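Here's the structure we're looking at; comments come further down.
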Number of protein chains: 2
Amino acid sequence: MSPAVGPRPVTIELNAVLVALIGEEPQVLTLQDGALLPSGPFEGDHPTLQTGLRAWVERQTHHPLGYVEQLYTFADRSRAEATTGRRIVSISYLGLTRERVAAGKREPGWQSFYRYFPWEDWRTGPSKLLAHTILPRLGKWSDEAREPAIKRERRQRVAVTFDDSAWNEELVLQRYELLYEAGLVPEAGRPKRPVGDPVPGEPMSYDHRRILATGIARLRAKIKYRPVVFELMPPDFTLGQLQRAVEALAGRRLHKQNFRRLVEQQGLVEETGALTAETGGRPAKLYRFRREILLERAVAGTKLPLARSA
Amino acid sequence: MSPAVGPRPVTIELNAVLVALIGEEPQVLTLQDGALLPSGPFEGDHPTLQTGLRAWVERQTHHPLGYVEQLYTFADRSRAEATTGRRIVSISYLGLTRERVAAGKREPGWQSFYRYFPWEDWRTGPSKLLAHTILPRLGKWSDEAREPAIKRERRQRVAVTFDDSAWNEELVLQRYELLYEAGLVPEAGRPKRPVGDPVPGEPMSYDHRRILATGIARLRAKIKYRPVVFELMPPDFTLGQLQRAVEALAGRRLHKQNFRRLVEQQGLVEETGALTAETGGRPAKLYRFRREILLERAVAGTKLPLARSA
DNA sequence: CCTGTTATACTCAGAGTGAGCATAATAGGA
DNA sequence: TCCTATTATGCTCACTCTGAGTATAACAGG
């Protein structure tokens, strides 16, 4: 069990889920007409994985990456292995970048999250696609199970991940995997499933749609306890814009007044002093992110009933 | 940007942070008299990384792994690279396993968390090591900075991560990294720092102490929103034992009555019906983990002010 | 039967959160 | 000019959650 000198050739590949908000839609950078996430080899002359990724992305997009976070490392993929004989290890990252085009102009390569996961967008109310198509078909899948135990387990998993009365927007990956298991979405490069009529939502090549699901899920979880939305916002913004940004990522509507209360009382923003009348109604105050907050506080998050708080 | 066939030889290595509770101490499995985490090559004949890790750990420890989670993938390490010329990518995992020895007998290889991070143990009150040794030296390090801006930034980072009036037990890694930056802990295989008199706490070889810090941090965060403690508990336990387990991991004391309330009202446990008198005082009811809960509910966690929850 | 120890039940105040009412300030059209 | 629609902003209220503590129960050992 000493440090190993491995027996089999291996290739390292980096995958990036690059997110930007373009015109209040959450978008991800793709290649090949939306079928691929950007990916490339890890070049050994970079000191770390993260600097390698940054350099490579910034060279490709001519744009600085605001925030980068490692998502997951997969090695369980057939992919090119069959042909080359090499083991491919793929390390995926989530990166956030600021919008840089006019909201009107359509950037090539950027695609909405919800092109791939239409059932994840609840901003206009409970997803009709879910109620009319997905849930019935998942119900059928559950009923198809022969053993009662498996049937019960399937039903329960569907209920937990897709329950529309207690929708949990973080379960993007679990929902995708359940749909995959049920044969409702296709996925290349994995053990074949009997996919009949796939559910709406674009597929991607290889496991890139799964990686995207992982990235969206991580991002949806993260915005709740770290101020990462601001990496996607312009320097100045109104609270309404900020709210619509969060709504776009989370895929659901928020209570306006309570959202303001939360943002303000946490000291995340400060007024610039200016107003903007471009919002359609009463002019709104402009705010900017208080970067100092990153130094002032660490993460939040406690759920332990602590004793003697001094 | 097509899937890559890399130019440089690479070796994949797996590292495991294997945790067990032995006699109410949180312990990690080590080799070489505590200097190494178990690590080994990823053998290409396993379909996935996780199954590879499981098989390998269970072969080494003759013991099933209850819970496994990927921690992080590093490639930024000099290590054996200098000698072999190969790039080493190390994928680390956190694994939880059940105690299997009598509390008295000392298992070889298992070491307490707090042998490596003594300042992380607040179970007997605020760490004296912190107040008497670490904080003064970190203060000195801050003051050494020439530029006022850097001085201020150092002070603020120390305040956020080490603040003993609002101790955040999750910041294990941030604290370790700060100590490393300040030259207060040694670390092999990294750019040398002028380490004078190191702060108490055992070092490890390579970057294993850093990986351990990552694992402890992840575990401390996880116990707050997922019922993973039970992976470390015997089948039947009292609420007092459960509390001391959580305290051991979190490194701090909890309010007993509120801890019970939390555990009970979340439906995490059920009474077995039996009592045990081995706790020293009034006999305690025995409980067991309600595995069904894993199917009944997904994660918790919302901090968004949702609209119309109808 | 007193003392120390752990277990268990219950209460209470304050903070945080979901939900909604009310008002302000703009644009555009009747 | 004055409605109306729209967005922004301020404030209240009830309910739940959580920290903190009081009180009582049930054992062991001297």
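As the structure is a prediction and not an experimental result, all values here were calculated from the model. Within every chain, numbering begins at 1; the chains are lettered A, B, ... in the order of the sequence lines, protein sequences first and strands thereafter.
- Note: CD (A:Gln243) to P (D:dT7) measures 11 Å, nearest angstrom.
- Exactly one residue among A:Val28, A:Leu18, A:Val19 makes a side chain to side chain contact (heavy atoms under 4.5 Å, CB included) with A:Leu94. That residue is A:Val19.
- Side-chain to base pairing of B:Arg261 with D:dG19: one donor and one acceptor N or O lie within less than 3.5 Å of each other.
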Every protein N/O lying under 3.5 Å from an N/O of nucleotides 7-10 of chain C:
residue: C:dA7; atom: OP2; partner: B:Lys256; partner atom: NZ; Å: 3.4
residue: C:dA7; atom: N3; partner: B:Arg282; partner atom: NH1; Å: 3.4
residue: C:dT8; atom: OP1; partner: B:Lys285; partner atom: N; Å: 2.8
residue: C:dT8; atom: OP2; partner: B:Arg260; partner atom: NH2; Å: 2.0
residue: C:dT8; atom: O5'; partner: B:Arg260; partner atom: NH2; Å: 3.0
residue: C:dA9; atom: N6; partner: B:Gln257; partner atom: NE2; Å: 3.4

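- A cation-pi arrangement is absent between B:Arg220 and B:Trp167, since the terminal nitrogen or guanidinium carbon is not both under 6.0 Å from the aromatic centre and inside a 45° cone about the axis.
- As a whole-Å value, the separation of A:Leu262 CG from C:dA19 P is 14 Å.
- Atom CD of A:Gln266 is separated from atom P of C:dA15 by 16 Å (rounded to the nearest Å).
- Rounding to the nearest 0.5 Å gives a distance of 11.5 Å between OH of A:Tyr176 and CD1 of A:Ile216.
- Stem regions for DNA chain C, each three or more consecutive Watson-Crick or G-U pairs with both distances under 3.5 Å and listed by first number, read C:1-30 with D:1-30.
- Nearest-nucleotide positions on DNA chain D place A:Gly280 closer to the 5' end than the other of A:Gly280 and B:Gly280.
- Atom NE2 in B:His255 sits about 14 Å away from atom C1' in C:dA13, given to the nearest Å.
- In terms of the side-chain contact (heavy atoms from CB on, under 4.5 Å) criterion, residue partners of A:Ala248 (sequence neighbours excluded) are, by chain and number, A:Leu21, A:Pro26, A:Arg123.
- Applying the salt bridge (Lys or Arg N to Asp or Glu O under 4.0 Å) rule to B:Lys285 yields the partners B:Glu271; only residues at least two apart in sequence or on another chain are considered.
- One atom, CZ of A:Arg253, and another, P of C:dG18, lie 17 Å apart when rounded to the nearest Å.
- The closest side-chain donor-acceptor pair between B:Gln111 and B:Arg115 falls under 3.5 angstrom.
- C:dG18 atom P lies 11 Å from atom CZ of A:Arg252, rounded to whole Å.
- Evaluation of the salt bridge (Lys or Arg N to Asp or Glu O under 4.0 Å) rule for B:Arg155 yields B:Asp143 as partners, not counting sequence neighbours.
- Looking only at atom types and distance, the side chain of A:Thr161 has no donor-acceptor partner in the side chain of A:Gln174 under 3.5 Å away.
- By the side-chain hydrogen bond (donor to acceptor under 3.5 Å, both in side chains) test, B:Glu24 is found to be paired with B:Arg244, residues two or more places apart in sequence or in another chain being considered.
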